[in-house]
Amino acid sequence: MKTLIIGGGIAGSTLAHALRRYGHDATVAEARGSHRDTGGAFLYLAPNGINALRAIGLGDVPSATGGFEAAGMDFYNARGRRIAELDGSDDLERYGAHGMVLRRARLHGELAERAQAEGAEFLFDARVVELRTQPDGIEATFADGRALTADVVIGADGIWSTVRRLTWPDAPEPSYGGIVDCGSWTEADLPDTTGQQMYFGHRAFFGYTVKDRVAYWFTNLPRRDEPDRHELADLDQDAWMAGIRRLHENDPAPIRAILDAAEHSLGAWPLYDMPSLETWHTARTCLIGDAAHAVSPSTGQGASLAIEDAAVLAHWMQQESEPRAVFEGFTADRKARAEKIVRFGRQIGARKVSSAAGSLFRDLTLGMFLRMGGKATAEQYGYQYAYRVPEQQPPSSTVDPGAPDV
Ligand SMILES: Cc1cc2nc3c(=O)[nH]c(=O)nc-3n(C[C@H](O)[C@H](O)[C@H](O)COP(=O)(O)OP(=O)(O)OC[C@H]3O[C@@H](n4cnc5c(N)ncnc54)[C@H](O)[C@@H]3O)c2cc1C
């Protein structure tokens, strides 16, 4: 099957790598100019994401990109009292892996490089603008006029997916969750943390992890109206950081210490999630990653789900030769899980927004909320799927019938 992957982000690059490991052709069309030309601050890759990487021969990527382990979460109220914890000390035993904190651009770049090293072809500056189904394939046209035909097109082009819009013009658009997220990493005179430190601050939620005197921090700024797509692109960093410091000025000392040391944030992202889509595929097109099911970053699951999708889809492409059978198998395995996590993320986001307004209600109900969160986390981290691709790329591009399928 000749596969054209639109979007060389986390899902698309991982899929290209996995397909090459199976010996399939994979071409990636990426709108950006290079695989290093990516953005973002840092993200948490959960145990399920680490396990999915291992299953497709990329288990060393988190460490190779400077990631470090972070297990569990401690929750604090606005006065700095520790009010709850999600214990992560037995994550390794329970799930076979610790979650890790990674710089997003490094992860993204490394995945793309690994896919290229396996023989996947990457076209850069290739922004898809049109898809046309033909009797024996599907043709993609790019903004610069280039065109490519493939047996199947995989839409791995992120939350604002063009493949989704071209294929299902009436599909719902991502919905804004009332929070603008921003963060960075900053040298700070604070001790290392074992897990993530989460504060329900007086006026905004703040989280951080410290490793080797560097604090990886984020804040969730409540904002009722949806910012314009371009409004946050070019921030006056001095004014922006001053506003954040004011918002957290009465919050506990570690937050103030980090923000005093921070000179800038690496961006500001309004948080969206994806309403459930009726379907993720047609006979020749299928969506994966954020294009299909963008989750709120509050879940810490977006990248992990994108990697799981890639591994599971590659597995189905190995199992079946008919595109429709591949896509049906894939969505049957993935849709319910991903959409459940989207709904969970929506609840967390609503909680963060409402907490900024009422701390007594929040403190009284937090225990119940965290028990629910603990159960959901176990389900997310404990995902087991029978995917495993060959350790080495087969010598030819034919399918290896003996590929282990454990
Ligand atoms: C602020 C923030 C914090 C986050 N924190 C976490 C976290 O803690 N943990 C976690 O697991 N996840 C986190 N995420 C989410 C995570 O980054 C995404 O869920 C993940 O990157 C999804 O991968 P993807 O490949 O589907 O999409 P992306 O990584 O967005 O990749 C899509 C790619 O498609 C390309 N593209 C777009 N349109 C076109 C087109 N028309 N033609 C060709 N190419 C196109 C883009 O340039 C991009 O390279 C966070 C996201 C944000 C914004």
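Indexing begins at 1, ligand by ligand and atom by atom, following the structure's order.
Using a 4.0 angstrom heavy-atom cutoff, Leu45 does not count as in contact with ligand 1.
Applying the side-chain contact (heavy atoms from CB on, under 4.5 Å) rule to Ala126 yields the partners Ala29, Leu123, Phe142, Arg146; only residues at least two apart in sequence or on another chain are considered.
Checking Arg165, Arg32, Arg104, His108 against atom 30 (O) of ligand 1, the nearest heavy atom belongs to Arg104. Here the shortest heavy-atom distance to atom 38 (N) of ligand 1, taken over Val129, Val101, Asp157, Leu123, belongs to Asp157. Between Gly7, Gly158, Ser13, Ala291, it is Gly158 that holds the heavy atom closest to atom 27 (O) of ligand 1.
Per-residue contacts place Ala156 under 4.0 angstrom from the following atoms of ligand 1 (heavy atoms of the residue considered): 32 (C), 33 (C), 34 (O). The distance from ligand 1 to the heavy atoms of Ala126 drops below 4.0 Å at these ligand atoms: 42 (N), 43 (C). The distance from ligand 1 to the heavy atoms of Gly289 drops below 4.0 Å at these ligand atoms: 26 (O). Here is the list of ligand 1 atoms found below 4.0 Å of a heavy atom in Ser304: 11 (O). Remark: ligand 1 atoms within the under-4.0 Å shell around heavy atoms of Thr162 are 41 (N). For ligand 1, the atoms lying closer than 4.0 Å to a non-hydrogen atom of Ile6 are 42 (N), 43 (C).
When non-hydrogen atoms are compared, ligand 1 lies under 4.0 Å from the backbone of Ala29 (N, CA, C, O) but not from its side chain. The side chain of Ala306, and not its backbone, has at least one atom closer than 4.0 Å to an atom of ligand 1 (non-hydrogen atoms only; side chain from C-beta on). The residue Ser161 has no part lying near ligand 1, judged by heavy-atom distances below 4.0 Å. In Asp290, the parts holding a heavy atom less than 4.0 Å from any atom of ligand 1 are both the side chain and the backbone. Residue Ala46 does not touch ligand 1, judged by heavy-atom distances below 4.0 Å.
Salt bridge Arg132/Glu139: present, at least one basic N to carboxylate O contact under 4.0 Å. The pair Glu30-Arg127 fails the salt-bridge criterion, with no side-chain N (NZ, NE, NH1 or NH2) lying under 4.0 Å from an Asp/Glu carboxylate O. Salt-bridge annotation for Asp25 and Lys2: absent, with no side-chain N of the basic residue lying under 4.0 Å from a carboxylate O of the acidic one. Ionic pairing of Arg165 and Asp170 is not present here: no N-O contact between side-chain nitrogen and carboxylate oxygen is shorter than 4.0 angstrom. Contact check on Asp273 versus Arg346 returns a salt bridge, with a Lys/Arg side-chain nitrogen under 4.0 Å from an Asp/Glu carboxylate oxygen. The pair Glu118-Arg114 does not count as a salt bridge, with every side-chain nitrogen at least 4.0 angstrom from each carboxylate oxygen. Asp251 and Arg256 are not joined by a salt bridge, as no carboxylate oxygen comes within less than 4.0 angstrom of a charged side-chain nitrogen.
The shortest N or O to N or O distance between Ala303 and ligand 1 is below 3.5 Å. Considering backbone and side-chain N/O atoms, Asp181 never comes within less than 3.5 Å of an N/O atom of ligand 1. Considering backbone and side-chain N/O of Gly302, one or more are found under 3.5 Å from N/O of ligand 1. For ligand 1, the polar-atom distance check against Trp269 finds no nitrogen or oxygen pair separated by under 3.5 Å. On a distance-only criterion, Leu271 and ligand 1 share no N/O pair closer than 3.5 Å. For the pair Pro297 and ligand 1, the shortest N or O to N or O distance does not fall below 3.5 Å. Annotation: Val128 places an N or O atom under 3.5 Å from an N or O atom of ligand 1; distance criterion only.
Among residue pairs with one or both ends in residues 324-339, those qualifying as side-chain hydrogen bond (donor to acceptor under 3.5 Å, both in side chains) are Ser276-Glu339, Glu308-Arg334, Glu308-Arg337, Asp309-Arg334, Trp316-Asp333, Asp333-Tyr385, Arg334-Tyr383, Lys335-Glu339; sequence neighbours excluded.
A centroid separation of less than 6.0 Å is found between the aromatic rings of His293 and Trp280. Checked against the 6.0 Å centroid criterion, the rings of Phe218 and Phe206 do not qualify as a close aromatic pair.
Using cut-offs of 30° and 60° on the angle between ring planes, the pair Tyr199 and Tyr76 is parallel.
Few gaps surround CD on Gln134; more than 12 heavy atoms of other groups in view lie less than 6.0 Å from it.
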